[in-house]
Number of protein chains: 2
Amino acid sequence: MAAKRSGAQGKRSRRMDVAIPSVQASRSEPPLSLERIVATALELLDAQGVDGLTMRRLADRLGSGAMSLYWHVDNKEEVFDLALDAVLEYRRPPQTVETHDWRGDVVHMLEDWRASMLRHPWSAALLPRRALGPNMLSRLELLSKTLSGAGVADADLNVAIWSVWNYVMGATITRGSFDLSADDRAAGQLRLTQLSERYPTIERSRLLLDDDWNGAFRRGLDFLLDGVAPRQ
Amino acid sequence: MAAKRSGAQGKRSRRMDVAIPSVQASRSEPPLSLERIVATALELLDAQGVDGLTMRRLADRLGSGAMSLYWHVDNKEEVFDLALDAVLEYRRPPQTVETHDWRGDVVHMLEDWRASMLRHPWSAALLPRRALGPNMLSRLELLSKTLSGAGVADADLNVAIWSVWNYVMGATITRGSFDLSADDRAAGQLRLTQLSERYPTIERSRLLLDDDWNGAFRRGLDFLLDGVAPRQ
DNA sequence: ACCTGAACACCGTTCAAGT
DNA sequence: ACCTGAACACCGTTCAAGT
């Protein structure tokens with residue numbers, strides 16, 4: 001609320017609106033733009049994680065003053081929103097033949113969603129805290145349409161989607177954070193071994209060292225899909 | 001690494017180690033202690049959320065200087081760890097008769113876990129980022145033992161546990177954050193309606209307005225458990 | 001239209017010092 | 001053993017001003 005100016009304005013203003021800016025003084029930085037800001041934010045986030053993104057650092061990388069960002073963007077949260085939605089863009093597979101393999105389609109969509117987030121490990125944990133951007137909505141729409149086409153009744157559609165959402169988000173958030181600290185996990189398992197009288201079962205199964213994330217994801221997903229929309 | 005002193009030391013030092021402290025000057029604050037710090041941190045987190053917890057504010061509520069906390073605690077992260085594990089304490093149900101209803105036991109454990117986190121909506125999003133504390137390990141141990149007793153093969157145990165973990169965490173994190181912003185969701189659905197040519201399916205099912213969280217959680221969980229360990 | 005620096009009200013934590 | 005204040009190196013953002 002209380003929208004200032006900016007936002008959309010900043011976005012369109014670069015595409016030959018008024019005049020072609022005189023050739024940029026030698027090879028100094030190109031002018032600021034939403035595109036450059038988002039791209040650089042992604043770099044920073046990938047390199048330094050969520051806490052690494054700072055308005056000041058971001059501006060620094062862009063070769064501008066910290067406050068210049070605020071003409072293009074309302075606040076730091078908007079930077080997060082834009083970066084997040086950039087990650088979630090869905091490039092549909094090259095519309096091959098009409099498959100009627102809805103299960104395969106769904107699995108593909110979900111694995112692509114997960115993979116997109118894992119490519120930017122900060123993104124999954126951010127997603128549930130933010131409003132759903134257009135790219136995420138598109139993914140949900142496509143998922144919903146596919147499930148619906150697969151015969152899931154309208155009354156069951158929301159449960160199906162949220163179940164799958166919960167599973168994918170949980171898997172990806174966990175994977176994204178646990179993965180960063182493989183050392184911690186080894187240390188954890190060690191501590192577990194020392195306390196093996198207290199945690200015998202998970203010590204024995206080496207729960208904390210298990211790292212077949214992809215396999216576990218896929219197998220759990222199959223269980224869930226079996227229930228959500230039984231194979232025909 | 002590089003452990004200073006403190007930590008465990010601070011913890012035990014209050015229980016009549018040296019001498020009974022002279023009756024606290026009138027009714028001013030009791031002395032600092034890990035217990036008080038954690039309890040107050042919980043209050044602050046419940047009231048203000050993750051960003052609301054500040055070492056300075058925490059000390060303020062405790063009637064001490066900001067730096068006094070650092071004798072009891074290594075850093076802010078440790079405060080989070082302690083608060084988180086406090087939330088996850090599991091009070092087992094009054095060991096009634098030996099039930100052999102493993103499925104009921106598992107469902108109870110998972111619903112209790114979810115409910116514990118939802119009572120402190122900041123906690124779920126924190127859990128995947130932190131090392132697993134003793135209370136969480138106990139929960140996993142109990143879960144593991146129960147599934148194992150229900151006939152899940154050792155080779156499948158980790159997949160089963162991580163699947164369930166993923167689902168519960170995803171559901172709880174999502175619920176915890178979406179719930180805070182019911183207005184946003186209504187606004188989102190409104191925006192969706194305006195864009196209904198772009199997102200017809202999820203617009204029609206009113207996905208963003210669905211709020212039978214408990215029912216959806218339970219139904220999705222049943223699907224998953226059916227797959228993880230088929231009803232005998 | 002776009003960018004800037006100074007300033008404000010915050011942070012977590014180190015350090016040297018108090019009792 | 002326990003607590004403290006001053007200080008450092010940061011934050012996000014407002015504001016009034018520059019071009």
Side-chain angles (χ1 to χ4, degrees), chain A residues 2-22 24-25 28-37 40-41 44 48-81, chain B residues 1-22 24-25 28-37 41 44 48-81:
Chain A
K4 291 192 311 193
R5 10 64 280 172
S6 83
Q9 285 190 37
K11 192 172 198 168
R12 54 194 305 283
S13 58
R14 198 174 128 264
R15 298 215 167 260
M16 52 188 66
D17 243 14
V18 176
I20 290 93
S22 60
Q24 269 307 108
S28 81
E29 309 282 349
L32 281 181
S33 68
L34 254 201
E35 289 82 3
R36 280 191 70 219
I37 291 177
T40 310
L44 208 43
Q48 323 247 26
V50 210
D51 294 335
L53 181 62
T54 279
M55 294 305 265
R56 286 164 141 102
R57 271 209 276 259
L58 180 54
D60 220 59
R61 273 208 189 207
L62 288 161
S64 78
M67 295 317 298
S68 311
L69 301 175
Y70 285 84
W71 193 87
H72 300 267
V73 132
D74 276 343
N75 47 39
K76 191 182 177 180
E77 298 224 315
E78 194 180 328
V79 178
F80 276 125
D81 286 341
Chain B
M1 342 296 170
K4 291 193 308 191
R5 51 278 99 103
S6 83
Q9 284 191 38
K11 192 172 199 168
R12 57 194 302 282
S13 60
R14 198 174 128 265
R15 295 213 170 261
M16 50 189 66
D17 243 14
V18 176
I20 290 91
S22 61
Q24 271 307 109
S28 80
E29 308 283 350
L32 280 182
S33 68
L34 255 201
E35 289 82 3
R36 281 191 70 219
I37 292 177
L44 207 43
Q48 322 247 26
V50 210
D51 294 334
L53 180 63
T54 278
M55 293 304 266
R56 285 164 143 103
R57 270 208 277 257
L58 180 53
D60 220 59
R61 274 207 189 208
L62 288 160
S64 78
M67 295 317 298
S68 312
L69 300 174
Y70 284 85
W71 193 87
H72 301 267
V73 131
D74 275 345
N75 46 41
K76 192 183 176 179
E77 297 223 317
E78 195 180 329
V79 178
F80 276 126
D81 285 342

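Chain A is the first sequence line, chain B the second, and so forth, proteins listed ahead of strands; every chain is numbered from 1. Predicted model, so just to flag it, every value in this text is computed and none were measured.
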Legend entry - Minimum-distance nucleotide to A/Ser68 side chain [options: D/dT13, C/dT4, D/dT4]: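 My answer, after comparing the listed nucleotides, is C/dT4.
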Legend entry - Nucleotide nearest B/Met67 (side chain, heavy atoms from C-beta), chosen from D/dC3, C/dT14, C/dC3: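 Per side-chain heavy atoms of B/Met67, the pick is C/dT14.
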Could you tell me the separation between the [atom1] atom of [X] and the [atom2] atom of [N], rounded to a whole number of Å?
| X | N | atom1 | atom2 | value |
| --- | --- | --- | --- | --- |
| A/Glu77 | D/dT13 | CD | C1' | 13 Å |
| A/Glu78 | D/dG12 | CD | P | 15 Å |
| A/Leu69 | D/dG12 | CG | P | 10 Å |
| B/Gln48 | C/dC10 | CD | P | 13 Å |
| A/Trp71 | D/dT19 | CH2 | P | 19 Å |
| B/Arg36 | D/dC2 | CZ | P | 14 Å |
| A/Asn75 | D/dC11 | CG | C1' | 15 Å |
| A/Lys76 | C/dC10 | NZ | C1' | 14 Å |

For the atom pair [atom1] ([X]) and [atom2] ([Y]), what is the distance rounded to the nearest 0.5 Å?
| X | Y | atom1 | atom2 | answer |
| --- | --- | --- | --- | --- |
| B/Asp60 | B/Arg56 | CG | CZ | 10.5 Å |
| A/His72 | A/Glu78 | NE2 | CD | 11.5 Å |
| A/Ile37 | A/Ser68 | CD1 | OG | 9.0 Å |

Legend entry - B/Leu69 side chain near B/Leu62 side chain, heavy-atom distance below 4.5 Å: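 Yes, close enough: below the 4.5 Å cut-off.
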Inset, instruction - Might you point out which heavy atoms bring A/Gly65 and A/Ala59 nearest each other, and give the distance in Å? - result: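 Distance-wise, the nearest heavy atoms are O-CB, 3.5 Å.
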Inset, instruction - For residues A/Asn75 and A/Tyr70, report the shortest heavy-atom separation together with the two atoms involved. - result: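 For A/Asn75 versus A/Tyr70, the nearest heavy atoms are CA-CE2, 4.0 Å.
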Inset, instruction - Report the stems of DNA chain D as range-with-range entries sorted by first number; a stem here is at least three consecutive pairs, Watson-Crick or G-U wobble, both distances under 3.5 Å, and write none if there are none. - result: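 Consecutive-pair runs (3 or more) involving DNA chain D: C:4-8 with D:12-16, C:12-16 with D:4-8.
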Inset, instruction - Keeping the roles fixed (side chain from B/Arg57, backbone from B/Leu44), state whether a donor-acceptor pair exists under 3.5 Å. - result: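 No; zero donor-acceptor contacts below 3.5 Å.
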Inset, instruction - Evaluate side-chain contact (heavy atoms from CB on, under 4.5 Å) for B/Leu58 paired with B/Lys76, printing each intermediate quantity in order. - result: CA-CA 10 Å; B/Leu58 180 53; B/Lys76 192 183 176 179; over 6 Å; no
Inset, instruction - Could you identify which residues of residues 49-59 of chain B place a heavy atom less than 4.0 Å from some atom of DNA chain D, listed by residue number, or say none? - result: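 Contacts with DNA chain D under 4.0 Å: B/Arg56.
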Inset, instruction - Determine: side-chain N/O of B/His72 to OP1/OP2 of D/dA1, distance under 4.0 Å, yes or no. - result: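 Negative; the distance criterion is not met.
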Legend entry - Stepwise side-chain contact (heavy atoms from CB on, under 4.5 Å) check, B/Gln48 with B/Thr54: CA-CA 10 Å; B/Gln48 322 247 26; B/Thr54 278; over 6 Å; no
